[in-house]
Amino acid sequence: MHTPNVISPYHISRHIVRALAYRLALTDKALERHLARFFPLEARKLGIYLQLSHPTVKLDERANRIHLRVNLLVRLPGQITTEGQLELSGNLVYDPEEGAFYLNRPEICEFSLGSIPRGYLTPVRVLVRSLLSRFVTSVPLFRFRSTSLKHRLVRSVVRNVEVHRGKLRVRFALPKRL
């Protein structure tokens with residue numbers, strides 16, 4: 001008697017993951033388009049107004065880090081306005097529950113600001129750090145879409161993410177057995 005071939009979910013998912021391997025690659029421009037939806041970021045505290053705008057992304061393959069550069073606008077009491085730039089970098093971590101990648105432990109690499117009264121420099125830096133820490137913990141750099149079958153299939157088998165050849169590439173790995 002002939003028994004029908006049984007295809008296990010393990011074999012199906014293995015073939016799907018193989019087909020998708022290294023197919024999920026994000027460029028710096030794609031990340032910029034995604035992040036641009038959340039900008040400008042604004043904060044006000046103690047009469048200080050802060051605005052972060054125009055995010056640009058640079059992928060650093062040597063250090064496997066992502067750099068985010070933004071324009072900075074500061075308005076102080078007394079109609080004092082100055083501009084500058086801010087760059088932070090971090091690596092990505094994946095949250096499988098959310099199917100999203102977040103910037104992990106960001107570090108400020110560059111902070112340049114036009115002249116402001118010395119007494120305002122520390123409050124401005126504190127406000128910038130506060131705004132950035134809220135942003136990086138709440139806004140993913142990339143999220144798998146729940147409406148995409150491909151994204152739903154791979155979100156549980158993400159192994160790591162790395163910067164390789166100018167792109168952010170997601171690698172997949174199968175569990176030993178389902």
Side-chain angles (χ1 to χ4, degrees), residues 7-43 50 52-72 85-111 125-178:
I7 300 175
S8 74
Y10 174 75
H11 289 1
I12 292 172
S13 62
R14 184 152 125 259
H15 293 294
I16 290 171
V17 170
R18 276 191 185 151
L20 297 173
Y22 249 165
R23 299 269 167 105
L24 184 56
L26 301 165
T27 64
D28 50 0
K29 298 300 177 205
L31 291 169
E32 284 174 15
R33 282 192 302 274
H34 170 71
L35 290 175
R37 299 180 309 169
F38 301 99
F39 283 82
L41 296 175
E42 300 175 328
L50 180 69
L52 303 177
S53 61
H54 301 93
T56 57
V57 173
K58 182 177 77 172
L59 301 173
D60 181 0
E61 186 170 348
R62 284 185 308 141
N64 198 31
R65 293 180 72 80
I66 297 170
H67 292 258
L68 176 63
R69 179 180 281 269
V70 294
N71 292 342
L72 177 62
Q85 290 199 330
L86 174 75
E87 183 176 325
L88 64 119
S89 76
N91 54 358
L92 282 186
V93 293
Y94 179 64
D95 182 344
E97 299 273 324
E98 293 184 34
F101 295 93
Y102 290 91
L103 198 58
N104 187 35
R105 296 175 13 184
E107 298 171 2
I108 295 177
C109 307
E110 180 186 320
F111 181 80
R125 286 185 181 193
V126 168
L127 193 55
V128 165
R129 280 195 183 103
S130 171
L131 183 60
L132 286 173
S133 65
R134 284 194 315 255
F135 174 73
V136 298
T137 59
S138 64
V139 175
L141 284 177
F142 177 78
R143 181 187 306 271
F144 288 114
R145 295 185 311 272
S146 60
T147 57
S148 167
L149 176 61
K150 177 173 144 179
H151 284 206
R152 285 195 318 250
L153 287 169
V154 299
R155 75 184 275 173
S156 63
V157 293
V158 169
R159 184 175 78 197
N160 70 355
V161 62
E162 67 181 357
V163 177
H164 184 69
R165 293 189 181 177
K167 293 183 181 176
L168 194 61
R169 298 186 186 268
V170 179
R171 291 184 185 255
F172 304 100
L174 284 176
K176 295 298 179 196
R177 286 285 168 197
L178 295 178

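Note: hydrogens, waters and symmetry copies are ignored here, and every other heavy atom, side chains too, is used.
Taking Y102 as the reference, nothing meets the ring-ring contact (aromatic ring centres under 6.0 Å, His included) condition, with sequence neighbours excluded. Remark: F111 pairs with no residue by the ring-ring contact (aromatic ring centres under 6.0 Å, His included) rule, at least two apart or across chains. For H34, the ring-ring contact (aromatic ring centres under 6.0 Å, His included) partners are F38, not counting sequence neighbours.
The closest side-chain heavy-atom distance from R69 to P55 is not below 4.5 Å. Side-chain contact between I66 and L141: present, with at least one pair of heavy atoms (C-beta onward) separated by less than 4.5 Å. Residues D28 and K58 are not in side-chain contact: their nearest non-hydrogen atoms beyond the backbone lie 4.5 Å or more apart. You'll find the side chain of I108 reaches within 4.5 Å of the side chain of R129, heavy atoms only. Contact check for L88 versus L103: side-chain heavy atoms found under the 4.5 Å cut-off.
Distance check, rounded to the nearest 0.5 Å: CG of L35 to CZ of F142 gives 12.5 Å. Expressed to the nearest 0.5 Å, how far CG of L132 lies from CG of L127 amounts to 9.5 Å. With rounding to the nearest 0.5 Å, the separation of CG in D95 from CZ in R143 is 8.5 Å. Here L59 contributes atom CG and T27 contributes atom OG1; the two are 8.0 Å apart, rounded to the nearest 0.5 Å. Here the CG atom belonging to D60 is positioned 11.5 Å from the CG atom belonging to N91, to the nearest 0.5 angstrom.
For the 3.5 Å distance criterion, the side chains of R65 and S89 qualify, holding a donor opposite an acceptor. A side-chain N or O of R134 and one of S130 form a donor-acceptor pair less than 3.5 Å apart.
Checked for salt-bridge contact, R165 and E61 miss the test: no charged N lies under 4.0 Å from a carboxylate O.
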#### Entry: Derivation and outcome, side-chain contact (heavy atoms from CB on, under 4.5 Å), residues Q85 and V70
CA-CA 6 Å; Q85 290 199 330; V70 294; over 6 Å; no

### Query
Should V128 and L86 be marked as a side-chain contact (heavy atoms from CB on, under 4.5 Å) after you check the CA-CA gap, both sets of side-chain angles, and the distance that decides it?
CA-CA 9 Å; V128 165; L86 174 75; 3.6 Å; yes

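Relative orientation of the F135 and F39 rings is perpendicular, given thresholds of 30° and 60° on the angle between their planes.
E87 places no side-chain N or O within 3.5 Å of a backbone atom of E110 that could act as its donor or acceptor partner.
With respect to N104, the side-chain contact (heavy atoms from CB on, under 4.5 Å) criterion is satisfied by exactly one of V93, L92, T137: V93.
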